[in-house]
Amino acid sequence: MSISFDLINSLDNLVYKAAQSVDEFGQEFDPQTRSADERFGDFQANGVLPFAKKMGKNPRELAQKLIDALPASEHWSVEIAGPGFINFTLSPEYLLKWICTHGSTDNLKASAKDKENSKVVIDYSSPNTAKQMHVGHIRSTIIGESLARILAFQGNEILRDNHLGDWGTQFGILLFAIKEQGISLDDLGDDPIARLEDLYRQGNARIKEDENALVGARQELVKLQDGDEENLKLWEKIRDISISSFLKIYDLLDVHFDHSLGESFYRDKVDGIYEELGKHKICQEDDGALVVFHPEHKRFAKQPFIIRKSDGASNYATTDLATLGYREKEWQAEQIIYVTDGRQRDHFEQLFLTAKKWFIAEERKLPTLAHVWFGTILGDDNKAIKTRDGQPVKLIDLLEEAIRRAADMVKQKNANLSDEEVQRRAKVIGLGAVKYADLSQDRTLDYVFSWDKMLAMQGNTAPYLQYAVARISSIFRKMERSSDGPFNEARPPQSDAERKLSRKLLFFPIALKQATRELKPHFLCTYLYELATDFSSFYNLEKVMVDDPDVRDLRLLLCSSTQAVLQTGLSLLGIETLEEM
RNA sequence: GCACCCGUAGCUCAAUUGGAUAGAGCGCCUGACUACGGAUCAGGAGGUUGGGGGUUCGACUCCCUCCGGGUGUGCCA
């Protein structure tokens, strides 16, 4: 028989099917199959308990009838426990078979492919031009990239789109400051983006104290939006400078976009939005602005979604609608995922409600929309992060510090490495640590920024996982064997450590599925950490390089498969691994 | 005011969406290389899951209430 990749799914089907052959069960019965605590078995079906309650039957008797109806299997044993749990314990032979069938890099990839894949746009990172990326941008960038990889891994077609904030009011202020100070954009020194940000800050301070400056800034913005040649040229230059500073960071993070269509790209598409929403009476004039109310919603009946300001200008609600329309029309997106700060939840809820009405009216098929939001990074004062001088910590500084600290560590462990090799390893380790620190906790939670937390290399961290991978590589190197096998002599797992590790390997599909369903990479992190922990225990307890060929092959197989799962899982988080570290 | 998010060990976080005795890391204490990498492993101490009530076979999880923190709430994104 074939060995299912996702055992929860196949056991669940099996139990359901068995239940249908027993009189007491109906179609609405849900087996609720889960992975089980080691003490009770490998998987458990909990569904009999609530079902028995509903039917007024004795749960243990029902459970007994259900397992009597299950087809006999040599692959697992079944028993009833507690008030009516049904526990499955897999045979060692079956564990071995699963690992042989699915537990290599290529097989994991092939097994994870889902037939029902779709075309997904992921909208993430999205920094504003004319400003530097700061630590606040790390979450969208890293979470978005990980989700892109997780979904692509399962066969979805992914379009990564960086929705740059390149057409806001900030340009009026910046252009005004540039002109007032007579700055040349060709001569901004060795850190042009920092200089631009300074100019913006100065301009911002000016308009607050000087009415004439405010008027000037507005005029520059209007000129830009009217297509003034000089301002457009300056704007383009600012955009180029900004993007090249972003690219430096994206290269470090190994994040690459298919598109970077910012707000400016949609500036000539907003009129169509007014027209169509107006035609279908979805929007209305209110206090001079064009707004959308949602009477069916308890809050948005009164709280407007403003799509055109009273001065006639569009805003991000307008461009977001135009963007959504474009992605469906031009790209045939079936799903769109927005990765932004949780403070924008109202905005996206209103956007989705509005889009739904718009698409229905236009008889278009609305893509599945998801707002993947995350918590704020806080400073010591529990407010959104700022440094001492009031500016956020620059993202590039964080990344470079991570690499520097990792380099110290690498040098300390390996005295005779070339600088290039130290640097190569330090990038993988340091950047892995930073990414993992963010991805490993539930994205909806705020967290207080801490250098030590972001750069930790012990315990539940990327370096711990990378270390397990490196130790496995070391074993194969020393034995002069390939991690691809073959491991033909392998006997089924016997010892506690062998069994525990084997069983954990089988849970990879569960973690993957959960991370996908909730669009939360931390489920994958938790799993990988547990796998690495089980491996480390196994490694300390059981010697791999033994003479007995069937024992040796099994342990090598476990090493190989653990490495495959760790590398695969880490790659889905955007984290690389090393042969030696 | 209204809406939403959060409160779990000294600190930072998990908990398979209602499942069995709430688990990790850091820190602290005690141990482990004549061994495949000590960025490791084994063990210990540490909990009224903010308080109180309710729902049921079962609650960190759902409902009510109170306390505390945060965010959003008409022309920024």
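Worth knowing before you read on, the calculation uses all heavy atoms, side chains too, and leaves out hydrogens, waters and symmetry mates. Order of the sequence lines fixes the chain letters, A, B, ..., with proteins taken first and strands second; residue numbering starts at 1 for each chain.
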Whole-Å distance separating the [atom1] atom of [X] from the [atom2] atom of [N]:
X	N	atom1	atom2	value
A/Leu321	B/A77	CG	C1'	15 Å
A/Tyr464	B/G37	OH	P	16 Å
A/Phe348	B/A77	CZ	C1'	9 Å
A/Leu49	B/U56	CG	P	16 Å
A/Arg443	B/A14	CZ	P	12 Å
A/Phe300	B/U73	CZ	P	10 Å
A/Leu541	B/A32	CG	C1'	12 Å
A/Leu465	B/U40	CG	C1'	13 Å

Give none if [N] has no partner; otherwise give the nucleotide forming a Watson-Crick or G-U wobble pair with it, both distances under 3.5 Å.
N	result
B/G7	B/C67
B/A42	B/U30
B/G72	B/C2
B/A24	B/U12

*Starting at the 5' end of nucleotides 20-28 of chain B, put B wherever the base has a protein heavy atom under 4.0 Å, S where only the sugar-phosphate does, and a dash everywhere else.*
BB--SSS--
*Reading nucleotides 60-65 of chain B 5' to 3', which nucleotides get B (base under 4.0 Å from a protein heavy atom), which S (sugar-phosphate only), which -?*
------
For [X], answer base if it contacts any base atom (sugar-phosphate contacts may also be present), sugar-phosphate if it contacts only those atoms, and nothing otherwise; contact means non-hydrogen atoms under 4.0 Å.
X	answer
A/Phe305	nothing
A/Ser537	sugar-phosphate
A/Lys543	base
A/Lys453	sugar-phosphate
A/Asp287	base
A/Met479	nothing
A/Gln466	nothing

*Could you tell me whether A/Lys427 atom NZ has more than 12 heavy atoms of other residues or ligands within 6.0 Å of it?*
no
*Is atom CG of A/Asp496 surrounded by more than 12 heavy atoms (other residues, nucleotides or ligands) closer than 6.0 Å?*
no
Between [N] and [M], how far is it from one [atom1] atom to the other, in whole Å?
N	M	atom1	answer
B/C63	B/G44	C1'	40 Å
B/U65	B/G58	C1'	24 Å
B/G51	B/U61	P	11 Å

_Contacts of A/Lys302 that satisfy side chain to side chain contact (heavy atoms under 4.5 Å, CB included) - sequence neighbours left out_ = none
*In chain order, what residues pass the side chain to side chain contact (heavy atoms under 4.5 Å, CB included) check against A/Arg308, with sequence neighbours excluded?*
A/Tyr274, A/Glu285, A/Leu290
*Listed in order of residue number, which residues of residues 336-345 of chain A have a non-hydrogen atom at under 4.0 Å from RNA chain B?*
A/Arg343, A/Gln344, A/Arg345
Counting only side-chain nitrogens and oxygens, does [X] get under 4.0 Å of the OP1 or OP2 atom of [N]?
X	N	value
A/Lys302	B/A3	no
A/Arg517	B/U16	no
A/Lys309	B/C76	yes
A/Tyr316	B/A77	no
A/Ser474	B/G37	yes

*Verify whether one side chain among A/Gln350 and A/His297 offers a donor that lies under 3.5 Å from an acceptor in the other.*
no
_Lys/Arg N to Asp/Glu carboxylate O, A/Arg405 vs A/Asp452, below 4.0 Å_ = yes
*Side chain of A/Ser536: nearest nucleotide among B/C4, B/U56, B/C41?*
B/C41
*asked:* Closest approach to the side chain of A/Ser310, judged atom by atom: which nucleotide of B/U40, B/C57, B/C75 is it?
replied: B/C75
Pairs of donor and acceptor atoms involving the side chains of residues 530-541 of chain A, under 3.5 Å and at least two apart or interchain, shall be tabulated with distances.
{"residue": "A/Glu530", "atom": "OE1", "partner": "A/Lys504", "partner atom": "NZ", "Å": "3.1"}
{"residue": "A/Thr533", "atom": "OG1", "partner": "A/Tyr529", "partner atom": "O", "Å": "2.8"}
{"residue": "A/Ser536", "atom": "OG", "partner": "A/Tyr464", "partner atom": "OH", "Å": "3.2"}
{"residue": "A/Ser536", "atom": "OG", "partner": "A/Ala532", "partner atom": "O", "Å": "3.0"}
{"residue": "A/Ser537", "atom": "OG", "partner": "A/Thr533", "partner atom": "O", "Å": "3.2"}
{"residue": "A/Asn540", "atom": "ND2", "partner": "A/Ser536", "partner atom": "O", "Å": "3.0"}

*Please tell me which of A/His347 and A/Lys478 maps to the more 5' nucleotide of RNA chain B, matching each residue to the nucleotide holding its nearest heavy atom.*
A/Lys478
*Mind checking whether A/Tyr338 and A/Phe348 have ring centres under 6.0 Å apart?*
yes
*Which heavy atom in A/Asn46 sits nearest to a heavy atom in A/Gln44, and how many Å separate them?*
OD1-OE1, 2.8 Å
*Does A/Arg267 use its side chain to pair, donor to acceptor, with the backbone of A/Gln225 at less than 3.5 Å?*
no
*How far apart are the C-alpha atoms of A/His347 and A/Phe305, what are their side-chain angles, what is the distance that settles it, and do they pass the ring-ring contact (aromatic ring centres under 6.0 Å, His included) test?*
CA-CA 8 Å; A/His347 168 74; A/Phe305 188 54; 5.7 Å; yes
*State, with a plain yes or no, whether a side-chain heavy atom of A/Ile86 is found less than 4.5 Å away from one of A/Glu79.*
no
